[in-house]
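Heavy atoms only: backbone and side chains are in, while hydrogens, waters and symmetry mates are out.
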Amino acid sequence: MDCYTANWNPLGDSAFYRKYELYSMDWDLKEELRDCLVAAAPYGGPIALLRNPWRKEKPASARPVLEIYSASGVPLASLLWKSGPVVSLGWSAEEELLCVQEDGVVLVYGLHGDFRRHFSMGNEVLQNRVLDARIFHTEFGSGVAILTGAHRFTLSANVGDLKLRRMPEVPGLQSAPSCWTTVCQDRVAHILLAVGPDLYLLDHAACSAVTPPGLAPGVSSFLQMAVSFTYRHLALFTDTGYIWMGTASLKEKLCEFNCNIRAPPKQMVWCSRPRSKERAVVVAWERRLMVVGDAPESIQYKQLTIQVLLDRLVLRRLYPLAIQICEYLRLPEVQGVSRILAHWACYKVQQKDVSDEDVARAINQKLGDTPGVSYSDIAARAYGCGRTELAIKLLEYEPRSGEQVPLLLKMKRSKLALSKAIESGDTDLVFTVLLHLKNELNRGDFFMTLRNQPMALSLYRQFCKHQELETLKDLYNQDDNHQELGSFHIRASYAAEERIEGRVAALQTAADAFYKAKNEFAAKATEDQMRLLRLQRRLEDELGGRFLDLSLHDTVTTLILSGQNKRAEQLARDFRIPDKRLWWLKLTALADLEDWEELEKFSKSKKSPIGYLPFVEICMKQHNKYEAKKYASRVGPEQKVKALLLVGDVAQAADVAIEHRNEAEMSLVLSHCTGATDGATADKIQRARAQAQKK
């Protein structure tokens, strides 16, 4: 029995543990780990080593080397470090390596050593330099906490959405804290630090002193602290050799253990067994490892979801295995195989030893019309790798023009973007490209581009009519479109010019343009308008009142209403107003004035070219039957019945209709006969009809 239990060690009162080798590491380290900055990702993720770091006690003789290994030591990447001194390394939840430099710049690398991006932790960090840093994980993402040379803390809880928070100052802090860590409480990241025998908790607004419950007396300093993966538990190592374990809120003590070692440990971390409520703290010194247990945890670690597992396989470029898992689990295509293939395609475009044509063809043959795959996203990755022509070829497979155009504009292929936008029939998309082209090209090249695209030119003209009139004029000039230029100057004479001289000048320009367009009618009409404007200005100067901007007819009417009949007649002669139209204008104006005497004189001045029925109608419109009857007798035979009916003389209208033997006129009179009053008249018409039928 002893042989089976000899390698088991007690852990608390009811548990035992043993240590045995699962596998050997494949790496061939040429330097000890103590001379490297080391960062291991959770869940068996990659390990990063920065060899030959900037150690004051051991000056670097060569450039540092950043190496990335799998969890089993298989080399994944190796590169010379060409940037500044690094203070700390850490892995994000997306398995991106964050390298925190002394100047506060954080460089981000992929699993295979590819540089992704960089960001700064702010000017204050730059000025005071970085003393220490922590990479931590929350439900919002991965964060970075910085301790500066001014002994102030700055953090960002999510490097994917960088928002820097400068933490409050710790009273009396003149040197670096003996130890510190990040703690997440109530969905907010805090800093917990030790200064001598005191503990302080920093949030975004205040610095609060905290005390661990049940701590053994005699502590003058905290040498190390560790928070559990779930941020629920905290372990503290004191200078008295005690390990205190409790809740991270510092409200409850779980246990305390005297390890009888007062030297500060190199490392202290929490660990657990899968599906077990037992938690333990592992403490490591130079040549000693100690496991302290008996800390029950009510909530287990969140296990890796299938999506995270697939993401990690993709990061390791194990695409066939990831696809097999998707197919075995029957995942929806968009969430499974399509997503894996899209990642494969993005990796494929980075293979610069293969021609653009071959890469594009291979990707299309593999992806085809797979749902959920965006060729524009793959093209964007190709462009990011400096392969513009490959990106253009890939965009040919993208069915959505709205996805093609933005990337083509970004790649400065604006003319191709314009063609694609026009093919789509989406006018908003065309306008987007046009405005981009307008800012990108000089004026001449822009106009030449439009001339080759009639639809785009038409849309841009519509835009200019409402937004940029001067540009519209330039377009017409370039195209020698004199007809539209004339119309432009006509509109401009009224919209832009207030002075009569400026308006006349604009109209003269319009007339010249119409002559060049061989549109003599428009040119003559424009010249007439210029003459009318000048005349109207003269009338205002001589007579007062408002004449400017009246139409020709309204000008004549206004003159008549003002008693200026001779001027009205002269104006009519000057502008060749036909007699019929002039008589209508004068008739209407005199009736509006109710100048019946002048109207009668006018009617007798000569034979009316419009007849006398209009006189009857106008008088009746003004409710003057007396005057209307004067003109009813002068109406010609063909309109006599209508005139008599207008003035209410139904009996005489009947006599005229019977005399004319006109069936339509008799029917019209009958329709006006009402009640007993017109009964005799109706009978008379009926008898006339009967006699006409006998004949």
Task: CH2-CZ distance between W270 and F229, expressed to the nearest 0.5 angstrom - done: 14.5 Å
TODO: Write down the atom of A157, the atom of F136, and the distance for their closest heavy-atom approach.
DONE: CA-CZ, 4.1 Å
Task: D311: partners by side chain to side chain donor-acceptor pair (under 3.5 Å), with sequence neighbours left out - done: R339
- [ ] Could you tell me which non-hydrogen atom of S338 sits nearest to which non-hydrogen atom of V373, and how far apart they are?
- [x] O-CG2, 3.6 Å
TODO: Using modelled atom types only, decide if a donor and an acceptor are shared between the side chain of Q350 and the backbone of C346 within a distance under 3.5 Å.
DONE: yes
Open item on the list: Strictly by side-chain hydrogen bond (donor to acceptor under 3.5 Å, both in side chains), give each pair with a member in residues 176-192 just once, sequence neighbours left out.
Closed with: D132-W180, E139-R187
Open item on the list: According to side chain to side chain donor-acceptor pair (under 3.5 Å), who are the partners of S120, at least two apart in sequence or on a separate chain?
Closed with: none
- [ ] Evaluate the side-chain contact (heavy atoms from CB on, under 4.5 Å) criterion for residues K410 and H436: first the C-alpha distance (whole Å), next the side-chain angles of each, then the deciding distance (0.1 Å), finally the verdict.
- [x] CA-CA 10 Å; K410 185 178 179 180; H436 186 91; over 6 Å; no
Task: Gap separating the CD1 atom of I378 from the NE2 atom of H343, nearest 0.5 angstrom - done: 10.5 Å
Open item on the list: I want to check something: taking the side chain as every heavy atom from C-beta on, are L223 and T238 in contact at a cut-off of under 4.5 Å?
Closed with: no
Open item on the list: Looking at every non-hydrogen atom in both residues, tell me the closest pair between R116 and D114 and how far apart they are.
Closed with: NE-OD2, 2.7 Å
Task: Flag side-chain contact, heavy atom, 4.5 Å: V282 against L289 - done: yes
TODO: Mind listing the closest non-hydrogen atom pair of A189 and C184 along with its distance?
DONE: CA-SG, 4.3 Å
Task: Which atom of S70 lies closest to which atom of I47, heavy atoms considered - done: O-CD1, 4.1 Å
Open item on the list: Is there a side-chain contact between L89 and V86 in this structure, where contact means two heavy atoms from C-beta onward sitting under 4.5 Å apart?
Closed with: yes
Open item on the list: Apply side-chain contact (heavy atoms from CB on, under 4.5 Å) to residues L107 and F119 and explain how you reach the verdict.
Closed with: CA-CA 7 Å; L107 286 81; F119 58 88; over 6 Å; no
Open item on the list: When you measure from the side chain of K352 to the backbone of R387, do you find a donor-acceptor pair of N or O atoms at a distance under 3.5 Å?
Closed with: no
TODO: Keeping to residues at least two apart or across chains, list the salt bridge (Lys or Arg N to Asp or Glu O under 4.0 Å) pairs with something in residues 172-184.
DONE: none
Open item on the list: Just to verify, what does S88 make a side chain to side chain donor-acceptor pair (under 3.5 Å) with, not counting sequence neighbours?
Closed with: none
- [ ] Check whether any side-chain heavy atom of W344 lies under 4.5 Å from a side-chain heavy atom of K348, and answer yes or no.
- [x] yes
TODO: Any chance you could measure R134, atom CZ, to L155, atom CG, to the nearest 0.5 Å?
DONE: 12.5 Å
Open item on the list: Does anything in residues 192-214 form a ring pair (Phe, Tyr, Trp, His ring centres under 6.0 Å)? List the pairs, not counting sequence neighbours.
Closed with: none
Task: Residues which pass side chain to side chain donor-acceptor pair (under 3.5 Å) with S221, listed by chain and number, not counting sequence neighbours - done: none
TODO: For residues L367 and Y375, determine if any side-chain heavy atom of one lies less than 4.5 Å from a side-chain heavy atom of the other.
DONE: yes
Task: Reported CZ-to-CD distance for the pair R166 and E124, which is rounded to 0.5 angstrom - done: 4.0 Å
- [ ] Show your working on side-chain contact (heavy atoms from CB on, under 4.5 Å) between M225 and L192 and close with a plain yes or no.
- [x] CA-CA 9 Å; M225 61 176 62; L192 180 67; 4.0 Å; yes
TODO: Give every residue pair that meets the salt bridge (Lys or Arg N to Asp or Glu O under 4.0 Å) criterion with at least one member in residues 67-94, sequence neighbours excluded.
DONE: R51-E67
- [ ] Name all pairs fulfilling the salt bridge (Lys or Arg N to Asp or Glu O under 4.0 Å) condition that reach into residues 233-255, sequence neighbours left out, sorted by first residue then second.
- [x] K253-E256
- [ ] Step by step, work out the side chain to side chain donor-acceptor pair (under 3.5 Å) result for S83 and Q101.
- [x] CA-CA 8 Å; S83 193; Q101 293 190 155; 2.3 Å; yes
Open item on the list: Apply side-chain contact (heavy atoms from CB on, under 4.5 Å) to residues V210 and D198 and explain how you reach the verdict.
Closed with: CA-CA 8 Å; V210 291; D198 301 318; over 6 Å; no
Quiz: residues 260-267 side-chain donor-acceptor pairs under 3.5 angstrom, not counting sequence neighbours:
residue : atom : partner : partner atom : Å
N260    : OD1  : N258    : ND2          : 3.4

- [ ] Taking atom CG of D161 as the centre, report whether more than 12 heavy atoms of other residues, nucleotides or ligands fall under 6.0 Å from it.
- [x] yes
- [ ] Without swapping roles, check the side chain of R316 against the backbone of R312 for a donor-acceptor pair under 3.5 Å.
- [x] yes
Open item on the list: Keeping S228 on the side-chain end and H233 on the backbone end, is there a donor-acceptor pair under 3.5 Å?
Closed with: yes
TODO: Side-chain contact test, heavy atoms from C-beta onward, threshold under 4.5 Å: evaluate it for P168 versus F153 and give yes or no.
DONE: no
Open item on the list: Would you compute the distance between atom CG of L98 and atom CD1 of I135 and round it to the nearest 0.5 angstrom?
Closed with: 4.5 Å
Task: Pairs meeting criterion ring pair (Phe, Tyr, Trp, His ring centres under 6.0 Å) with involvement of residues 82-118, two or more places apart - done: W81-Y109, Y109-F115
- [ ] Considering non-hydrogen atoms only, spot the tightest contact between M245 and A235 and give its length.
- [x] CG-CB, 4.3 Å
Open item on the list: Applying salt bridge (Lys or Arg N to Asp or Glu O under 4.0 Å) as the test, list every pair that has at least one member in residues 145-158; sequence neighbours left out.
Closed with: R152-E169
Task: Distance (rounded to the nearest 0.5 Å) between L313 CG and I340 CD1 - done: 7.5 Å
TODO: Please say whether more than 12 non-hydrogen atoms of neighbouring residues, nucleotides or ligands are located less than 6.0 Å from OH in Y242.
DONE: no
Open item on the list: With a 4.5 Å cut-off on side-chain heavy atoms, are L193 and L199 touching?
Closed with: no
Open item on the list: Side chains of H151 and V170, heavy atoms from C-beta outward: is any pair under 4.5 Å?
Closed with: no
